[in-house]
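We use all heavy atoms of the structure for the numbers below, so side chains are in, but hydrogens, waters and symmetry mates are not.
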Protein chains: 2
Amino acid sequence: MTTGDGRSRLLAAATRLIRTQGFAATSVEAICREAGVTKGAFFHHFPSKEALGVAAADAWSEVTGRLFAEASYHRPADPLDRVLAYIEFRRALVAGEIADYTCLVGTLVQEAYGSDPIRAACGASILGHAGTLEADMAAAAEARGVADVDPASLARHTQAVLQGAFILAKAGGGAAAVEEALDHLKRYLRLLFANPGASGA
Amino acid sequence: MTTGDGRSRLLAAATRLIRTQGFAATSVEAICREAGVTKGAFFHHFPSKEALGVAAADAWSEVTGRLFAEASYHRPADPLDRVLAYIEFRRALVAGEIADYTCLVGTLVQEAYGSDPIRAACGASILGHAGTLEADMAAAAEARGVADVDPASLARHTQAVLQGAFILAKAGGGAAAVEEALDHLKRYLRLLFANPGASGA
DNA sequence: CTCAACATACCAACCGGTCGGTATGTCGTC
DNA sequence: GACGACATACCGACCGGTTGGTATGTTGAG
């Protein structure tokens with residue numbers, strides 16, 4: 001990683017290393033080596049390793065936010081179809097090495113939730129992304145006449161399923177574990193929105 | 001933690017520290033301090049820190065295995081009720097600090113899946129536990145005449161939802177995030193097994 | 001006497017972070 | 001357009017403390 005300015009190269013290197021090894025196991029020196037800069041540069045751009053963690057989470061929110069905003073799953077006219085298309089979009093993202101498709105902030109918050117700034121940045125990232133699904137969830141519930149569904153809660157649940165699937169993937173299941181979880185999630189949503197009055201709550 | 005022999009004290013201390021700080025951030029010295037033994041004792045019982053990680057995962061499997069085997073959620077006559085009771089049992093376990101109710105092996109494998117022995121031990125723990133749910137899942141599907149459900153896959157999914165819920169909890173949602181995810185899981189199972197032929201697969 | 005179960009002392013490598021210094025602008029002023 | 005003041009971006013040596021791990025000793029039970 002030797003393109004762009006020092007700061008973004010450090011961020012990219014940190015993201016890659018944290019996704020493969022975790023935050024604590026990734027040393028500042030290793031990030032610098034990967035980014036092709038020195039420790040002096042690191043501490044010029046970030047006051048501490050913790051601050052780098054926060055910046056990496058924020059950068060992750062921005063990059064993934066753009067990716068999802070520009071994706072084509074928003075196109076279907078039916079809101080449920082949009083939600084289902086979102087899940088298919090997530091499935092298409094699951095390819096290559098585990099570190100290539102797992103979530104930076106999920107990995108980060110799992111081991112660094114004890115640091116309040118990092119926890120807040122990761123929480124904002126996950127919840128912010130969940131928030132982008134809320135409107136479609138609500139519209140789907142409305143369109144199908146399903147009353148006892150909390151769109152925000154349902155949106156959060158999609159993220160819980162994804163995060164959990166990543167752990168099963170790391171535990172040995174690989175990409176197949178994520179696809180399997182996504183199938184269950186899809187089925188849940190279909191059952192939920194296809195059965196007004198029988199929502200099982 | 002100063003009861004029992006050195007080895008189990010080290011295991012208990014490691015479990016507690018890893019659950020709160022993660023594996024890499026937990027030093028051998030910190031584990032020894034917490035267990036009230038010296039480093040000599042540590043390396044007498046475990047050849048390396050990695051081996052301690054494996055042993056902690058194995059011990060976790062054993063302890064939780066006993067806990068779930070002896071729990072009362074196996075009592076209901078109806079298999080679906082048993083599965084639902086399992087989820088309620090999991091909900092009852094969610095209390096106190098985050099580190100008190102989150103999963104050791106889930107935390108461990110997230111950051112240490114790069115170590116094959118640790119990955120294997122964590123995978124065996126999660127999948128082994130999922131396996132204990134399989135029979136009830138299969139019986140529920142059979143009893144309700146729901147065909148296109150893979151009991152093993154469904155059992156794995158319950159674990160994915162739980163692991164993901166723990167991450168949302170760490171991201172700021174706390175115990176409520178886990179309970180919310182458990183509600184969705186329950187609803188999914190109810191919808192799935194209450195609607196033969198409409199399983200949405 | 002033996003052997004497991006520890007304790008003590010120690011080591012080289014590595015950790016996050018600091019610090020003095022340098023090269024390259026940028027900007028206001030005369 | 002020349003000049004001083006200041007900012008930004010970065011370098012790499014260095015620091016004290018911590019790391020996982022080792023070598024050697026002690027102790028108590030069988």
Side-chain angles (χ1 to χ4, degrees), chain A residues 1-18 20-59 107-108 111-119 121, chain B residues 1-18 20-59 107-108 111-119 121:
Chain A
M1 194 38 82
T2 36
T3 49
D5 61 342
R7 196 188 134 94
S8 42
R9 255 155 57 206
L10 282 165
L11 250 12
T15 299
R16 210 164 333 114
L17 290 172
I18 294 169
T20 50
Q21 312 172 345
F23 182 68
T26 299
S27 72
V28 171
E29 272 190 7
I31 296 170
C32 294
R33 211 179 309 127
E34 180 92 353
V37 302
T38 60
K39 245 204 288 204
F42 183 99
F43 285 100
H44 169 71
H45 291 291
F46 309 102
S48 67
K49 191 189 175 185
E50 185 187 50
L52 177 270
V54 173
D58 289 343
T107 303
L108 193 50
E111 55 170 324
Y113 70 96
S115 153
D116 227 70
I118 291 183
R119 204 226 74 238
Chain B
M1 194 38 83
T2 37
T3 50
D5 60 341
R7 196 188 133 92
S8 41
R9 257 156 53 206
L10 282 165
L11 250 12
T15 300
R16 210 165 334 115
L17 289 172
I18 294 169
T20 49
Q21 312 172 344
F23 182 68
T26 299
S27 72
V28 171
E29 273 190 7
I31 296 169
C32 294
R33 211 180 308 129
E34 179 92 352
V37 301
T38 59
K39 246 210 272 210
F42 183 99
F43 285 100
H44 170 71
H45 290 293
F46 309 103
S48 67
K49 191 190 175 185
E50 183 186 51
L52 177 270
V54 173
D58 288 343
T107 304
L108 194 48
E111 55 171 324
Y113 71 95
S115 153
D116 227 70
I118 291 183
R119 203 226 75 239

Between [X] ([atom1]) and [N] ([atom2]), how many Å, whole number?
| X | N | atom1 | atom2 | value |
| --- | --- | --- | --- | --- |
| B/H45 | D/dT22 | NE2 | P | 16 Å |
| B/L10 | C/dA5 | CG | P | 12 Å |
| B/E50 | D/dT19 | CD | C1' | 16 Å |
| B/F46 | C/dA5 | CZ | C1' | 13 Å |
| A/H44 | D/dG12 | NE2 | P | 16 Å |
| B/R9 | C/dA7 | CZ | C1' | 13 Å |

Exercise for the section: Counting heavy atoms from C-beta on, name the nucleotide in D/dG21, D/dG12, C/dC6 closest to the side chain of B/K49. Expected result: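 Looking only at side-chain atoms, B/K49 lies closest to D/dG21.
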
Quick one: [atom1] on [X] to [atom2] on [Y], what's the gap to the nearest 0.5 Å?
| X | Y | atom1 | atom2 | value |
| --- | --- | --- | --- | --- |
| A/H45 | A/S8 | NE2 | OG | 8.5 Å |
| B/R33 | B/K39 | CZ | NZ | 10.0 Å |
| A/I118 | A/L108 | CD1 | CG | 5.0 Å |
| B/F43 | B/T38 | CZ | OG1 | 11.0 Å |

Handout entry: Listed partners of B/T15 passing side-chain hydrogen bond (donor to acceptor under 3.5 Å, both in side chains), at least two apart
Key =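 side-chain hydrogen bond (donor to acceptor under 3.5 Å, both in side chains) list for B/T15, sorted by chain: empty.
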
Handout entry: side-chain hydrogen bond (donor to acceptor under 3.5 Å, both in side chains) partners for B/T26, two or more places apart
Key =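 In terms of side-chain hydrogen bond (donor to acceptor under 3.5 Å, both in side chains), with neighbours along the sequence ignored, B/T26 is linked to B/Q21.
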
Where is the tightest heavy-atom contact between [X] and [Y], given as atom of each residue plus distance?
| X | Y | value |
| --- | --- | --- |
| A/A121 | A/D58 | CB-OD1, 3.8 Å |
| A/A59 | A/L11 | CB-CG, 4.2 Å |
| B/R9 | B/G36 | NH2-O, 3.4 Å |
| A/A55 | A/R7 | CB-NH2, 4.2 Å |

Any N/O pairs under 3.5 Å between the protein and nucleotides 19-27 of chain C? List them or say none.
none

Exercise for the section: Using five pairs at either end of the helix from C/dC1-D/dG30 to C/dC30-D/dG1, determine the angle between the two local helix axes and round it to 10 degrees. Expected result: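 One end axis against the other gives 10°.
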
Exercise for the section: Apply side-chain contact (heavy atoms from CB on, under 4.5 Å) to B/F42 and list each qualifying residue two or more places apart in sequence or on a separate chain. Expected result: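 Partners of B/F42 by the side-chain contact (heavy atoms from CB on, under 4.5 Å) criterion, ordered by chain and then number, come out as B/L10, B/V28, B/I31, B/C32, B/F46, B/L52.
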
Practice task
Pull out every residue in residues 20-32 of chain B that has a heavy atom closer than 4.0 Å to any atom of DNA chain D, ordered by number, or say none.
Solution key: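 Those residues are B/T26, B/S27, B/V28, B/E29.
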
